[in-house]
Amino acid sequence: MADDKKLTTRKADFSAWYNEVVLRSELADYSPVRGCMVIRPNGYGIWERMQRTLDDMFKATGHQNAYFPLFIPESFLRKEAEHVEGFAPEVAVVTHAGGKKLEEALIVRPTSETIIYSMFAKWVQSYRDLPLLINQWANVVRWEMRTRLFLRTTEFLWQEGHTAHATHDEAEVEARKMLGVYRDFMEGYIAMPVITGQKTDAERFAGALRTYCVEAMMQDNKALQAGTSHNLGQNFAKAFDLKFQTEAGGTDYAWNTSWGVTTRMVGGLVMTHGDDNGIVVPPLLAPIELVIVPIYRNDEERTNVLEAANRIAGLLGAWDRRESSRLRVHIDARDGMKPGAKYYEWEMRGIPLRLELGPRDLAANQGVLVRRDTRAKRPVSLNTLGEDVAETLSAMQRDMLAAALDRREANSIRTAITYDRFREIMAGDGAFVYAGWCGDPACEAAVKEETKATIRCIPDEEFRSAEAPTTCLRCGGVSTNEALWAKAY
RNA sequence: CGGGGCGUAGCGUAGCCUGGUAUCGCGCCUGCUUUGGGAGCAGGAGGUCCCCGGUUCAAAUCCGGGCGCCCCGACCA
């Protein structure tokens with residue numbers, strides 16, 4: 001009777017654990033169409049909070065939202081040579097509509113560079129029209145071979161920022177700035193520490209000059225690319241004739257950037273914080289921060305406890321945490337379900353705090369407060385509950401980031417190792433390995449072939465080792481870059 | 001696309017070898033008793049056994065064909 005209630009443990013089978021926990025916490029479900037998923041209210045609630053937070057951050061950095069169409073003329077994709085090569089294999093194409101074959105097939109956007117820069121070309125004439133800073137929230141479709149809930153689905157939700165600038169350097173600053181926004185968001189809200197850095201040519205976005213990324217370590221020591229930001233140079237501007245008159249009176253092609261994060265972040269959240277009891281949602285992203293579970297043995301107690309629960313929920317809901325947001329409180333008043341069963345359910349769903357409230361507590365003017373991350377219980381006075389809850393939530397938010405950071409560093413290797421040792425590590429538990437690279441794509445490819453590990457990025461200064469590696473991990477030649485090597489999702 | 005597994009009630013499954021009343025658990029509904037870590041009893045609802053064809057008096061079961069899904073690889077946020 002017990003076994004089917006327990007999750008497969010992370011240790012036994014991380015991949016099976018992930019699938020089960022996503023389904024059982026009701027974040028998402030499979031759809032009738034292969035590779036697509038339905039995002040259920042629990043999952044969408046987290047996404048909505050991610051969206052709202054990021055959207056505010058984009059606005060604060062001067063961006064405006066707009067919306068561009070789902071369908072793009074097939075010919076647009078072909079205008080940028082590298083871009084079409086990168087995306088053609090995974091593009092869904094509409095050939096028939098309105099009962100007729102279309103004269104020109106339409107592609108379902110896999111990303112919107114082509115349609116957006118073709119429109120920018122109409123809107124930009126002068127340097128005075130720059131910079132143009134646009135973001136859109138949208139769905140995109142990429143026909144993937146193998147899919148996994150949230151991590152890789154045929155259709156996914158994302159935001160894509162697209163900007164146009166007068167100079168290369170200005171575009172570069174923008175690309176780096178938005179990478180910083182992503183980092184702040186992931187560490188500050190998802191409590192998911194990331195390494196920032198630059199992609200090698202092999203992993204660079206098709207059509208970009210340079211691609212920057214944020215990479216996070218999951219609990220199986222694999223890397224998750226959680227977001228990317230590209231300096232597109234003038235590649236798309238040239239393809240779509242996005243020109244402007246310069247201050248000096250000449251004409252030049254604009255410099256573009258694009259940057260995006262997706263619903264994949266929800267998967268990152270799950271694999272960063274989840275445990276064998278379910279998911280753990282960081283307080284700032286939790287649709288419900290505190291659930292009150294009333295305990296009673298008869299109608300009279302039920303009436304009293306629920307009355308107290310409602311009073312408390314009302315007070316907490318009005319509790320001002322200085323940023324003038326309200327505590328998001330839910331009372332689980334379902335009858336005929338034992339308190340223990342409710343505990344398990346809310347733990348599976350990762351709700352940050354639980355307040356157990358029974359007759360004995362009321363008599364003592366207290367409740368029992370339980371943290372989801374540590375599952376630690378402690379009695380709290382009802383007189384100071386607002387302060388206690390607010391403090392516990394911020395402590396939990398901090399502790400979750402710290403724990404994830406500790407785990408990442410404990411599973412990172414910065415000392416020089418032989419290639420044989422590297423192979424052992426990648427065949428075993430995996431790790432983030434900081435090691436030298438000669439710069440030759442052939443070495444990078446050979447490592448991938450032999451170990452499944454890839455260069456996740458050339459880490460930014462702050463993440464590099466105190467002493468730079470001197471030799472290439474694979475060939476032993478002179479290292480030109482310190483690289484972060486890991487297996488990836 | 002290669003390898004593996006699986007399609008039987010909402011979910012998980014037994015039955016298939018050896019053809020004959022479709023099994024069990026969870027969940028769901030009703031009632032009563034319960035409720036401080038996954039409640040108990042009683043009653044009840046729920047099925048194109050993935051699809052099409054064949055063999056047979058009779059097919060979940062045997063035969064042929066198809067479809068779908070999941071897992072592992074090659075491509076990718």
Side-chain angles (χ1 to χ4, degrees), chain A residues 1-8 13 15-16 18-20 23-24 29-36 85-91 110-111 139-160 182 199 202-206 211 213-216 223-230 258-268 277-278 293-299 301-302 305 332-348 354-364 366-368 370 375 377 379 448-449 452 454 456 488-489:
Chain A
M1 130 184 208
D3 267 356
D4 59 334
K5 290 184 175 170
K6 291 246 191 283
L7 282 170
T8 299
D13 187 342
S15 179
Y18 177 80
N19 288 333
E20 282 177 31
L23 293 172
R24 290 188 41 190
D29 205 348
Y30 293 107
S31 90
V33 177
R34 184 187 72 91
C36 294
E85 201 180 316
F87 280 105
E90 55 192 57
V91 164
T111 179
N139 58 338
V140 286
V141 166
R142 298 181 187 176
W143 220 260
E144 300 290 350
M145 293 290 167
R146 236 185 106 214
T147 56
R148 296 198 66 192
L149 295 169
F150 287 111
L151 302 175
R152 181 169 301 102
T153 45
T154 295
E155 178 190 13
F156 56 93
L157 305 184
W158 78 345
Q159 60 71 214
E160 47 182 326
Y182 288 159
K199 286 294 190 189
E203 305 254 337
R204 184 173 46 80
F205 175 74
T211 290
C213 62
V214 284
E215 297 279 333
L224 184 78
Q225 179 176 307
T228 51
S229 177
H230 318 288
S258 69
W259 26 277
V261 292
T262 76
T263 36
R264 172 180 258 197
M265 290 189 295
V266 177
N277 300 301
V293 178
I295 298 158
Y296 45 81
R297 281 164 306 201
N298 53 50
D299 281 350
E301 286 181 354
R302 182 175 186 278
V305 171
D332 186 351
R334 286 176 295 179
D335 251 330
M337 203 173 164
K338 294 183 78 168
K342 295 181 180 177
Y343 302 164
Y344 281 106
E345 185 176 308
W346 292 109
E347 283 176 4
M348 181 65 72
R354 172 173 83 236
L355 185 71
E356 304 174 2
L357 199 62
R360 291 207 293 274
D361 294 310
L362 286 188
Q366 65 163 37
V368 176
V370 190
R375 297 176 92 208
K377 291 192 180 195
K448 181 175 184 181
E449 173 71 27
K452 306 279 192 310
T454 50
R456 299 321 304 150
Y489 274 95

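Each chain gets a letter, A, B and so on, in the order the sequences are listed, and its residues count up from 1.
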**Request:** Using the P atom as the reference point in each nucleotide, state the distance between B:A39 and B:U34 in Å, no decimals.
**Result:** 16 Å
**Prompt:** What is the distance, rounded to the nearest whole Å, between atom CZ of A:Arg334 and atom P of B:C28?
**Reply:** 10 Å
**Message:** Does A:Glu347 contact B:G38 through a side-chain donor or acceptor facing the base, at a distance under 3.5 Å?
**Reply:** no
**Complete:** A:Leu149 CG to B:C70 P, in whole Å, measures 9 Å
**Message:** Heavy atoms only, 4.0 Å cut-off, all strands: where does A:Thr111 land among base, sugar-phosphate and nothing?
**Reply:** nothing
**Request:** Examine B:C71: is either OP1 or OP2 under 4.0 Å from a nitrogen or oxygen in the side chain of A:Asn19? Give yes or no.
**Result:** yes
**Request:** Rounded to whole angstrom, note down the P distance from B:G65 over to B:G73.
**Result:** 30 Å
**Item:** Short N-O contact, A:Arg334 and A:Glu345, less than 4.0 angstrom
**Value:** yes
**Request:** Report yes if the ring of A:Tyr343 lies under 5.5 Å from the six-membered base ring of B:G37 with planes under 30°, and no otherwise.
**Result:** no
**Message:** Can you tell me how the ring of A:Phe205 sits relative to the ring of A:His230, calling it parallel under 30°, perpendicular over 60° and tilted otherwise?
**Reply:** parallel
**Request:** Specify the separation, in whole Å, of atom CG of A:Leu23 and atom P of B:C11.
**Result:** 12 Å
**Prompt:** In whole Å, what is the span from the CG atom of A:Asp299 to the P atom of B:U35?
**Reply:** 12 Å
**Request:** May I ask you to verify if any side-chain N or O of A:Lys338 is less than 4.0 angstrom from the OP1 or OP2 atom of B:G37?
**Result:** no
**Request:** Provide the Watson-Crick or G-U wobble partner of B:A58, both distances under 3.5 Å; none if there is no partner.
**Result:** none
**Complete:** Whole-Å distance, A:Tyr30 OH to B:G10 C1', equals 17 Å
**Request:** State the pairing partner of B:G68; accept Watson-Crick or G-U wobble contacts with both distances under 3.5 Å, and report none otherwise.
**Result:** B:C6
**Request:** Return the minimal non-hydrogen interatomic distance between A:Thr262 and A:Phe156, and the atom names on each side.
**Result:** CG2-CE1, 3.5 Å
**Prompt:** Looking just at side-chain N and O atoms, do A:Asp335 and A:Tyr296 make a donor-acceptor pair shorter than 3.5 Å?
**Reply:** yes
**Request:** Starting from the C-alpha separation in whole Å, work towards a yes-or-no answer on side-chain contact (heavy atoms from CB on, under 4.5 Å) for A:Leu7 and A:Asn277.
**Result:** CA-CA 7 Å; A:Leu7 282 170; A:Asn277 300 301; 5.9 Å; no
**Message:** Using atom C1' in both nucleotides, what's the gap between B:U18 and B:C69 to the nearest angstrom?
**Reply:** 31 Å
**Asked** Expressed as a whole number of Å, how far does the P atom of B:C28 sit from that of B:C1?
**Response** 42 Å
**Asked** If we call it a pair only when both distances are under 3.5 Å in a Watson-Crick or G-U wobble match, what pairs with B:C32?
**Response** B:G40
**Item:** Value in whole Å for how far the P atom of B:G36 lies from NZ of A:Lys342
**Value:** 10 Å
**Prompt:** In the strands shown, is B:A45 matched to any nucleotide by a Watson-Crick or G-U wobble pair with both distances under 3.5 Å, and which?
**Reply:** none
**Item:** C1'-based separation of B:A14 from B:A22 [nearest Å]
**Value:** 10 Å
**Message:** Please give the distance between the C1' atoms of B:C11 and B:G7 as a whole number of Å.
**Reply:** 14 Å
**C1' gap between B:G10 and B:C52, integer Å** = 27 Å
**Nearest-angstrom distance, P atom, B:C57 to B:U8** = 30 Å
